[in-house]
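Note that these values count all heavy atoms, side chains included, but never hydrogens, waters or copies made by symmetry. Not measured: the values here are computed from a predicted model.
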Amino acid sequence: MEKKRTTKGTKRTIFLFLLILAVLYVVIYVVPQVSDIFVETYSAEYGTLQIKEETDCLFVRTEKTYTAPFGGAVNRVISRGKLMRTSARIVDVGQTACYSDMRGIVSYYYDGLESMYTPENMDSLKVSVLEQIRGNEENKVQKAPENEAAAGDVIFKIVDNQQWYLVCWITPQTAERCSEGSTVTVDFEDGSDSEESTCIEMQVKEIKKQGDVTRVILSCNRYYRDFDRYRIRRCALITANTSGILLETDSIVEEDGQKGVYVVDKLGNYNFTPVRILDQNGNVTVVEKNYFYDAEGKTTETVSNYDEILRPEAEKDAGKAEKDAEAEKEE
């Protein structure tokens with residue numbers, strides 16, 4: 001009888017032992033995995049933050065058109081885009097040779113506005129000039145005659161390539177990212193298959209607020225293949241092109257005066273990791289990758305490609321847990 005009681009007691013003890021092990025297993029392994037499902041994270045990735053605004057730009061150049069003195073067959077001695085010195089023979093009309101009287105790029109496009117919009121008067125331009133030009137059929141860019149010209153026809157143009165300008169009207173938000181003397185990249189992308197770059201760096205010459213928009217005058221001394229061809233052109237002004245680790249702006253918090261994010265390590269712990277912000281636009285922030293130097297010149301480890309980053313709500317819980325843990329250590 002006593003043996004049976006002992007057997008039952010042993011079985012009960014073993015059962016309780018196994019039950020405790022099962023509970024511990026659930027607490028240690030299952031619960032954390034289940035709770036992790038409710039923690040929102042995302043993967044940090046290396047990339048480029050590009051900030052740009054598309055706008056219509058007015059080309060302003062020092063340029064001069066030349067007309068045919070007589071009618072006759074046209075023979076273009078110099079092709080478009082060539083840089084020629086003063087007194088160069090450019091076109092023959094009939095038996096008459098036509099020469100340039102200024103140095104510059106040869107062009108065969110004109111619109112009759114060459115003397116109206118010049119570097120000397122561009123600081124008086126307002127955004128309404130764009131509609132004025134578009135609204136007048138006579139202002140359309142034309143191509144000079146290639147075969148036969150009548151007396152008085154424009155037969156070629158010389159454009160000074162040493163300094164030319166774009167007058168643009170942009171939003172105040174974009175203008176805030178510019179400063180006089182700084183450089184912006186202008187993208188003249190035309191959708192062609194040409195391998196030649198359509199991006200040109202230009203210097204900000206002037207910034208002036210005009211009502212709801214801001215006028216920006218850009219200057220350039222570099223050659224762009226179509227700078228002689230247009231009067232108004234849709235362009236993209238790129239004010240930032242910064243590479244680094246891309247983060248969600250909302251995931252960046254501040255701890256003891258240091259900006260950073262919570263990174264999930266291999267053990268599932270949430271670790272505050274300092275970051276150095278390079279640029280920001282809305283909910284996208286680009287930061288240094290791997291490490292950066294602090295104000296004292298010390299190397300600081302930071303986020304890397306594919307780090308798992310906590311989102312805002314999760315960060316609050318992680319931050320609270322971290323502070324509670326520190327408080328417990330102090331006690």
Review point. Should Asp228 and Arg225 be marked as a salt bridge (charged side-chain N to carboxylate O under 4.0 Å, His left out) after you check the CA-CA gap, both sets of side-chain angles, and the distance that decides it?
Key: CA-CA 8 Å; Asp228 66 308; Arg225 67 171 185 263; over 6 Å; no

Give a yes or no on whether [X] and [Y] share a hydrophobic cluster (residues Ile, Leu, Val, Met, Phe, Trp, Tyr; joining criterion: side-chain heavy atoms under 4.5 Å apart).
X	Y	result
Tyr46	Ile309	yes
Leu246	Tyr42	no
Leu83	Tyr99	no
Leu130	Val60	yes
Val253	Phe292	no

Looking at [X] and [Y], what are the two nearest heavy atoms and their distance?
X	Y	answer
Arg85	Ser100	O-OG, 3.4 Å
Ala68	Ile155	CB-CG2, 3.8 Å
Ala44	Ile245	CB-CG2, 3.7 Å
Cys178	Val184	SG-CG1, 4.0 Å
Ser107	Val159	CB-CG2, 4.3 Å
Arg215	Leu125	NH1-O, 2.8 Å

Donor-acceptor check, side chain of [X] to backbone of [Y], threshold 3.5 angstrom: yes or no?
X	Y	result
Thr118	Ser115	no
Asp226	Arg229	no
Thr214	Ala175	no
Thr249	Val284	yes
Asn283	Asp250	yes

Scan side-chain atoms only and decide if [X] and [Y] contain a donor-acceptor pair under the 3.5 Å cut-off.
X	Y	result
Asp111	Asn139	no
Thr62	Asp160	no
Gln50	Thr48	no
Ser182	Gln203	no

Should we say atom [atom1] of [X] is surrounded by more than 12 heavy atoms from elsewhere, each under 6.0 Å from it?
X	atom1	result
Asp101	CG	yes
Glu254	CD	yes
Lys209	NZ	yes
Arg276	CZ	no

Check your understanding: Taking it one step at a time, do Asp307 and Lys289 satisfy salt bridge (charged side-chain N to carboxylate O under 4.0 Å, His left out)?
Key -> CA-CA 11 Å; Asp307 275 351; Lys289 67 171 183 174; over 6 Å; no

**Study point:** Distance (rounded to the nearest 0.5 Å) between Asn75 CG and Gln95 CD
**Key:** 10.5 Å

Heavy-atom distance under 4.5 Å between the side chains of [X] and [Y], does that happen here?
X	Y	result
Cys235	Thr55	no
Cys57	Ile232	no
Gln258	Phe272	yes
Asp187	Ile238	yes
Tyr230	Val141	no
Val213	Ile170	no
Cys98	Val93	yes
Met84	Arg103	no

Review point. Phe188 and Tyr224: aromatic ring centres closer than 6.0 Å?
Key: yes

Exercise for review: Start with the C-alpha gap between Glu114 and Arg61, add the side-chain angles, then the distance that decides, and say whether salt bridge (charged side-chain N to carboxylate O under 4.0 Å, His left out) holds.
Suggested key: CA-CA 8 Å; Glu114 284 76 14; Arg61 305 165 290 245; 5.6 Å; no

Review point. With respect to Phe227, which candidate in Trp164, Tyr109, Phe59 satisfies the ring-ring contact (aromatic ring centres under 6.0 Å, His included) definition?
Key: Trp164

Check your understanding: Angle class for the Tyr66/Phe156 ring planes (parallel below 30°, perpendicular above 60°, tilted otherwise)?
Key -> parallel

Practice item. Scan Arg311, Glu255, Glu308 and name whichever one has a side-chain hydrogen bond (donor to acceptor under 3.5 Å, both in side chains) with Tyr262. Key: Glu255

